**Student:** 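Structure incoming, see below.
Every number for a ligand or one of its atoms is a count from 1 in the order of the listing. Owing to the predicted nature of the structure, the values given are computational and were not obtained by experimental measurement.
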Amino acid sequence: MPDDGLETGAETLLYEGKAKRVFATDDPRLVRIHFKDDATAFDGAKHATVGGKGEVNARISAALLRRVEEAGVPTHLVRVLGPRDHLCRHVEIVPIEVVVRNVVAGSLARRLGRAEGEALPFPMVEFFYKDDALHDPPISDVHALAFGWAAEWELAYMRHAAKVVNEVLSAFWGGLGIRLVDFKLEFGRFGPGRLLLADEITPDGSRLWEEGTGRHLDKDVFRRDLGDLGATYRELLDRVLAAEAP
Ligand code: TMP
Ligand code: ASP
């Protein structure tokens with residue numbers, strides 16, 4: 001497998017997801033997250049290997065998580081270890097996907113019969129239960145509370161933090177001529193009474209539409225067969241790095 005970085009095979013794999021592997025470190029409070037080159041959609045039903053995707057996502061996620069942290073939302077990222085490896089705080093992931101939307105697209109358009117591209121009058125936060133077998137169904141607070149997926153304060157915190165993240169990311173992408181349509185966040189528990197923004201912020205879990213052209217610069221390129229995902233992601237990374245340059 002053409003996977004550079006810090007893959008040794010001798011470490012304890014704690015968890016393997018569709019796009020990342022999580023390894024134990026010498027410190028039980030820290031993990032190493034390795035970004036893979038796999039692209040999946042429709043809960044893994046569609047799969048491809050896209051050379052360099054892991055590295056692009058690791059770099060974009062690090063840049064965005066830092067900006068979010070600077071804006072006062074604590075994240076799991078401690079530091080970047082290598083081209084596709086992050087040292088992160090070892091959290092217990094809340095089994096809820098937190099989606100923020102600025103524009104109608106994707107499952108919202110399908111579920112409620114709205115046209116993709118309709119601007120929303122305010123940013124909308126939605127919760128989905130993280131379960132591939134159930135296809136991540138949309139849920140309300142009552143479901144999370146009744147089934148013990150999250151406490152009331154956690155739902156309130158995630159909703160608030162997601163809106164702050166939306167402001168940071170909308171401004172960042174907007175500065176690059178890109179419209180942040182929607183994105184997904186995950187949070188993790190780190191000690192009692194403390195949630196950190198976890199997982200990743202990447203074009204895998206965001207919709208990014210180029211201003212003017214409406215071109216998709218995100219995983220919809222793969223989901224909808226719109227072009228070359230690897231080339232699209234590299235172009236996006238180049239724009240992010242140009243914005244990072246002093
Ligand atoms: P949706 O329109 O399919 O509900 O997706 C909303 C946003 O969440 C979109 O930017 C893609 C992201 N997302 C994920 O990151 N993981 C998922 O499993 C799903 C369904 C969506
Ligand atoms: N994240 C899910 C998958 O990889 C769904 C999606 O992004 O479309 O299958």
**Student:** Does Glu126 reach ligand 1, in the sense of a heavy atom lying below 4.0 Å from it?
**Tutor:**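 Distance cut 4.0 Å: Glu126 fails for ligand 1.
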**Student:** Members other than Val91 in its cluster, when Ile, Leu, Val, Met, Phe, Trp, Tyr link by side-chain heavy atoms under 4.5 Å?
**Tutor:**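 Ile93, Phe190, Leu196, all in the cluster of Val91.
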**Student:** Starting from atom 18 (O) of ligand 1, locate the nearest protein heavy atom and write down its residue, its atom name and how far away it is, to 0.1 Å.
**Tutor:** Asp136 OD2, 3.3 Å
**Student:** Check this for me - ligand 1, Arg207, N or O atoms closer than 3.5 angstrom, yes or no?
**Tutor:**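 Yes: some nitrogen or oxygen of Arg207 is under 3.5 Å from one in ligand 1.
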**Student:** Quick one: which ligand 2 atoms are inside 4.0 Å of a heavy atom on Lys219?
**Tutor:** 1 (N), 4 (O), 6 (C), 7 (O)
**Student:** What's the spacing between Glu200 CD and Phe35 CZ if we round to 0.5 Å?
**Tutor:**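 It comes to 5.5 Å.
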**Student:** To which of Glu186, Glu200, Lys184 does the heavy atom nearest atom 16 (N) of ligand 1 belong?
**Tutor:**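 When every heavy atom of Glu186, Glu200, Lys184 is considered, Lys184 comes closest to atom 16 (N) of ligand 1.
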**Student:** Would you say Thr40 and ligand 2 have an N/O pair spaced under 3.5 Å apart?
**Tutor:** yes
**Student:** At a 4.0 Å threshold, what atoms of ligand 2 neighbour a non-hydrogen atom of Arg223?
**Tutor:**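 Counting atoms of ligand 2 from 1, those under 4.0 Å from Arg223 are 6 (C), 7 (O), 8 (O).
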**Student:** Nearest protein heavy-atom contact for atom 4 (O) of ligand 1: which residue, which atom, what distance?
**Tutor:** Ser107 OG, 2.6 Å
**Student:** Tell me if a side-chain donor or acceptor on Thr25 pairs with a main-chain N or O of Leu30 at a distance below 3.5 Å.
**Tutor:**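 Judged by distance alone, yes, a pair lies under 3.5 Å.
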**Student:** Please answer whether the main-chain N or O of Leu208 pairs with a side-chain N or O of Ser206 as donor and acceptor at a distance below 3.5 Å.
**Tutor:**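 Not at all, since once roles are kept as given, no pair shorter than 3.5 Å links the two residues.
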**Student:** Contact between Arg223 and ligand 1, counting heavy atoms under 4.0 Å?
**Tutor:** yes
**Student:** Consider ligand 1: state whether an atom of it lies below 4.0 angstrom from any non-hydrogen atom of Lys219.
**Tutor:**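 No, Lys219 has no heavy atoms under 4.0 Å from ligand 1.
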**Student:** Give the atom numbers and elements of ligand 2 that come within less than 4.0 Å of a heavy atom of Gly44.
**Tutor:**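 So the answer, numbered in order with elements, is 3 (C), 9 (O).
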**Student:** Below 3.5 angstrom, do we get any N/O pair linking Lys18 and ligand 2?
**Tutor:** no
**Student:** Hey, which atoms in ligand 2 end up nearer than 4.0 Å to a heavy atom of Asp43?
**Tutor:**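 The list of qualifying atoms is 2 (C), 3 (C), 5 (C), 9 (O).
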**Student:** If the cut-off is 4.0 Å to any non-hydrogen atom of Phe42, which atoms of ligand 2 fall inside it?
**Tutor:**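 Once the distances to Phe42 are compared, the set is 5 (C), 6 (C), 8 (O), 9 (O).
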**Student:** Residues two or more places apart in sequence or in another chain: which of them pass side chain to side chain donor-acceptor pair (under 3.5 Å) with His135?
**Tutor:** Asp43
